[in-house]
Novice: 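Pasting a structure below so you can have a look.
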Amino acid sequence: MSSKLTADANPLMAAATRVTQQFKVDLANLPEMMDMTTETITDNVNTVNASCQDERMRFIFKSLVTHLHDFVRETSLTTEEWMTAIHFLTETGQKCTDIRQEFILLSDTLGVSALVDSMNNVKPSNATENTVLGPFHTEDAHIFANGDSIASEGKGYYMYVHGKVLDTKGNPVAGAVLDTWETDGDGQYDTQNPNRTGPDCRGIVKSAEDGSYAFRAVVPSPYSIPGDGPVGTMIKNLNRHIVRPAHLHFMIDAPGYEKLITALYFKGDPYVTSDAVFGVRSSLIVDLDIVPDTSLTLKRGFAEARPHAEVKYDFVLATVEECTELRKSLKAKPAVAK
């Protein structure tokens with residue numbers, strides 16, 4: 001014969017009370033959420049998220065949930081498609097390592113990286129433009145003296161890279177840290193080598209007192225983004241090509257200046273107009289000159305007397321103050337009616 005237990009004696013209520021105390025849940029301030037429908041689920045998720053104390057986070061998640069739910073409704077997403085997406089994101093995370101970032105590659109190929117970069121890097125018109133970071137930057141690059149080689153011998157066609165780091169008024173920026181990385185002549189980053197023992201075709205140099213910098217490298221090659229992971233499979237299934245134009249990455253940092261993440265591309269490369277990750281800007285396309293003078297090749301420190309390529313480019317950094325004022329002025333402008 002059963003009898004109705006009091007609240008104190010009810011084991012379910014006792015367990016609920018314990019959990020409430022353990023996780024400090026204030027049930028009194030929560031809305032009742034039951035019997036969700038396609039019409040009510042979005043408002044209910046946004047309501048329960050509204051208790052977030054971080055205003056920016058609260059705003060972002062409200063927009064995220066709203067757009068995500070609208071996407072599901074608009075596309076009539078099936079359970080099988082939802083599970084495919086879950087597996088895809090799981091595989092994307094599993095493909096990440098200390099030297100490979102599959103999620104950045106996903107962001108790049110969907111154009112999100114380029115969009116975020118454009119929105120967040122407002123600079124004076126004469127400053128060097130930003131472009132996408134890409135997934136192949138590492139933290140283990142060696143520091144080299146100006147004129148040294150970032151590439152080991154045999155990695156490709158010799159290339160001498162030099163120029164100056166300047167401010168927007170044309171003054172030299174001394175002591176700027178230029179972190180640079182590239183593929184070898186076969187289109188491979190060192191991180192894609194399963195036998196990698198250390199950094200290659202990457203390095204760090206500092207600008208001299210007159211703002212000058214120089215280093216030896218190799219001519220990079222157009223290459224395919226990694227096709228052995230979920231992002232590569234996605235691109236192929238979308239019937240897109242997976243090739244990026246040849247480029248030389250830079251991350252340039254100097255006290256008082258906005259950090260510059262950019263890359264140099266090369267005239268004549270047929271892929272500059274169809275970059276798989278939407279990163280090319282016309283202002284960053286440079287001449288790749290061939291220097292036939294082999295005595296100059298040796299003078300510049302290359303091991304063999306053969307022709308080499310030359311790239312000359314001056315980077316222009318904007319100060320933090322310049323960028324801050326520019327952002328303020330853009331925010332102050334009235335919206336233009338469409």
Side-chain angles (χ1 to χ4, degrees), residues 56-57 60-61 63-64 67-68 71 84-123 128-141 150 177-184 187-194 196 198-204 220-238 240-253 258-265 271-272 274-281 284:
R56 177 64 178 171
M57 184 176 180
I60 288 175
F61 268 82
S63 185
L64 171 64
H67 287 294
L68 185 58
F71 166 79
T84 297
I86 296 297
H87 287 317
F88 172 79
L89 293 174
T90 301
E91 292 169 8
T92 300
Q94 291 170 339
K95 204 66 179 177
C96 294
T97 68
D98 290 342
I99 56 175
R100 176 169 175 172
Q101 238 302 345
E102 192 79 359
F103 271 111
I104 289 182
L105 186 61
L106 175 60
S107 174
D108 290 349
T109 54
L110 293 179
V112 176
S113 300
L115 177 59
V116 171
D117 180 76
S118 295
M119 291 171 57
N120 286 272
N121 287 288
V122 178
K123 293 180 178 178
T128 302
E129 290 190 276
N130 274 59
T131 189
V132 294
L133 172 67
F136 294 109
H137 179 260
T138 69
E139 300 293 339
D140 64 348
I150 66 167
V177 176
L178 295 87
D179 187 347
T180 184
W181 63 103
E182 62 168 348
T183 71
D184 60 21
Q188 292 286 304
Y189 286 96
D190 59 346
T191 56
Q192 296 174 292
N193 181 354
R196 182 185 193 265
D200 201 353
C201 294
R202 66 178 70 237
I204 297 172
S221 168
Y223 66 92
S224 68
I225 62 174
D228 61 340
V231 175
T233 300
M234 177 193 76
I235 293 299
K236 292 173 185 175
N237 289 340
L238 289 170
R240 289 167 50 183
H241 77 69
I242 59 174
V243 179
R244 291 214 66 199
H247 56 279
L248 180 62
H249 286 280
F250 286 90
M251 181 186 295
I252 305 177
D253 211 355
E258 288 270 310
K259 179 183 287 187
L260 174 64
I261 296 173
T262 194
L264 299 181
Y265 303 86
Y271 286 100
V272 293
S274 64
D275 183 6
V277 305
F278 314 100
V280 179
R281 297 180 183 274
L284 300 174

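Positions are given from 1, in the same order as the sequence printed here. Keep in mind it's a predicted model, so treat the numbers as computed, not measured.
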Novice: Under 3.5 Å, is there a donor on one side chain and an acceptor on the other for Thr180 and His249?
Specialist: no
Novice: Using modelled atom types only, decide if a donor and an acceptor are shared between the side chain of Ser118 and the backbone of Ala114 within a distance under 3.5 Å.
Specialist: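 Flag set: sc Ser118 to bb Ala114 pair under 3.5 Å.
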Novice: If only atom types and distance count, is the side chain of Thr109 paired as donor or acceptor with the main-chain N or O of Val277 below 3.5 Å?
Specialist: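 Side chain of Thr109 to backbone of Val277, a donor-acceptor pair under 3.5 Å: no, none is there.
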Novice: When you check the gap from the basic side-chain N to the acidic O, do Arg100 and Asp228 get nearer than 4.0 Å?
Specialist: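 Yes, Arg100 and Asp228 are salt-bridged.
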Novice: So, for Val231 and Phe88, which heavy atoms are closest and what is the spacing to 0.1 Å?
Specialist: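 Looks like N-CE1, 4.2 Å.
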Novice: So, taking the atom named CD1 in Ile60 and the one named CG in Leu64, what distance separates them when rounded to the nearest 0.5 Å?
Specialist: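 Rounded to the nearest 0.5 Å, the CD1-CG separation comes to 9.0 Å.
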Novice: Return yes when atom CG of Asp98 has more than 12 non-hydrogen atoms of other residues, nucleotides or ligands closer than 6.0 Å, and no otherwise.
Specialist: no
Novice: Test side-chain contact (heavy atoms from CB on, under 4.5 Å) on Ile225 and Leu105; report intermediate values, then the result.
Specialist: CA-CA 8 Å; Ile225 62 174; Leu105 186 61; 4.0 Å; yes
Novice: Working to the nearest 0.5 angstrom, can you tell me the gap between Glu129 CD and Lys123 NZ?
Specialist: 9.5 Å
Novice: With a 4.0 Å cut-off, would you call Asp108 and Arg244 a salt bridge?
Specialist: no
Novice: Could you tell me whether the side chain of Thr131 and the main chain of Gly279 form a donor-acceptor pair under 3.5 Å?
Specialist: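 Confirmed, Thr131 side chain pairs with Gly279 backbone.
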Novice: Under a 4.5 Å cut-off applied to non-hydrogen side-chain atoms, are Leu284 and Val280 in contact?
Specialist: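 Answer no - side chains too far apart.
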Novice: Enter the distance from Asp140:CG to Arg202:CZ here, rounded to the nearest 0.5 Å.
Specialist: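 Those atoms lie 6.5 Å apart.
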Novice: Minimum heavy-atom separation for His137 to Asp179, with atom names?
Specialist: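 What the structure gives for the nearest pair is NE2-OD2, 2.8 Å.
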Novice: Determine, for Arg281 against Asp275, whether the closest basic-nitrogen to carboxylate-oxygen distance falls under 4.0 angstrom.
Specialist: no
Novice: More than 12 non-hydrogen atoms from neighbouring residues, nucleotides or ligands closer than 6.0 Å to NE2 on His67, yes or no?
Specialist: no
Novice: Rounded to the nearest 0.5 Å, what separates atom CD1 in Ile242 from atom OH in Tyr223?
Specialist: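 Here the rounded value is 11.0 Å.
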Novice: Where is the tightest heavy-atom contact between Pro199 and Asp190, given as atom of each residue plus distance?
Specialist: CA-OD2, 3.2 Å
Novice: Is any side-chain heavy atom of Trp181 closer than 4.5 Å to a side-chain heavy atom of Cys201?
Specialist: no
Novice: Find the distance between OG1 (Thr262) and CG (Leu133) and round it off to the nearest 0.5 Å.
Specialist: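 The distance works out to 11.0 Å.
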Novice: Val272 and Tyr265: which non-hydrogen atoms are nearest, and at how many Å?
Specialist: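 The pair with the smallest heavy-atom distance is CG1-CB, 4.3 Å.
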Novice: Check whether any side-chain heavy atom of Phe250 sits under 4.5 Å from a side-chain heavy atom of Leu260, and report yes or no.
Specialist: no
Novice: In Å and rounded to the nearest 0.5 Å, what is the OG1 to CD distance from Thr128 to Glu258?
Specialist: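 These two atoms lie 13.0 Å from each other.
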Novice: Sub-3.5 Å donor-acceptor pair from the side chain of Glu102 to the main-chain atoms of Gly93, do we have one?
Specialist: no
Novice: side-chain contact (heavy atoms from CB on, under 4.5 Å) for Met234 and Leu110? Distances and angles first, verdict last.
Specialist: CA-CA 10 Å; Met234 177 193 76; Leu110 293 179; 4.0 Å; yes
Novice: Determine, step by step, whether Glu182 and Leu248 satisfy the side-chain contact (heavy atoms from CB on, under 4.5 Å) criterion, reporting the C-alpha distance in whole Å, the side-chain angles of both residues, the deciding distance to 0.1 Å, and the verdict.
Specialist: CA-CA 5 Å; Glu182 62 168 348; Leu248 180 62; 3.7 Å; yes
Novice: Report yes or no: does Asp184 contribute a side-chain atom to a donor-acceptor pair with the main-chain N or O of Gly187 at less than 3.5 Å?
Specialist: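 Checking the backbone N and O of Gly187 against the side chain of Asp184, a donor-acceptor pair under 3.5 Å is found.
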Novice: On a heavy-atom basis, which atom in Val116 and which in Asn120 lie closest, and how many Å separate them?
Specialist: O-ND2, 2.8 Å
Novice: Does the Asp117 side chain pair with the main chain of Ser113, one donor and one acceptor, at a distance under 3.5 Å?
Specialist: no
Novice: Would you indicate whether the side-chain heavy atoms of Arg196 and Thr191 approach each other to under 4.5 Å?
Specialist: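 Yes, their side chains come closer than 4.5 Å.
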Novice: Relative to the ring of Tyr189, is the ring of Phe136 parallel (under 30°), tilted (30 to 60°) or perpendicular (over 60°)?
Specialist: parallel
Novice: Under the ring pair (Phe, Tyr, Trp, His ring centres under 6.0 Å) criterion, do Tyr271 and His247 qualify, and how do the steps go?
Specialist: CA-CA 11 Å; Tyr271 286 100; His247 56 279; over 10 Å; no
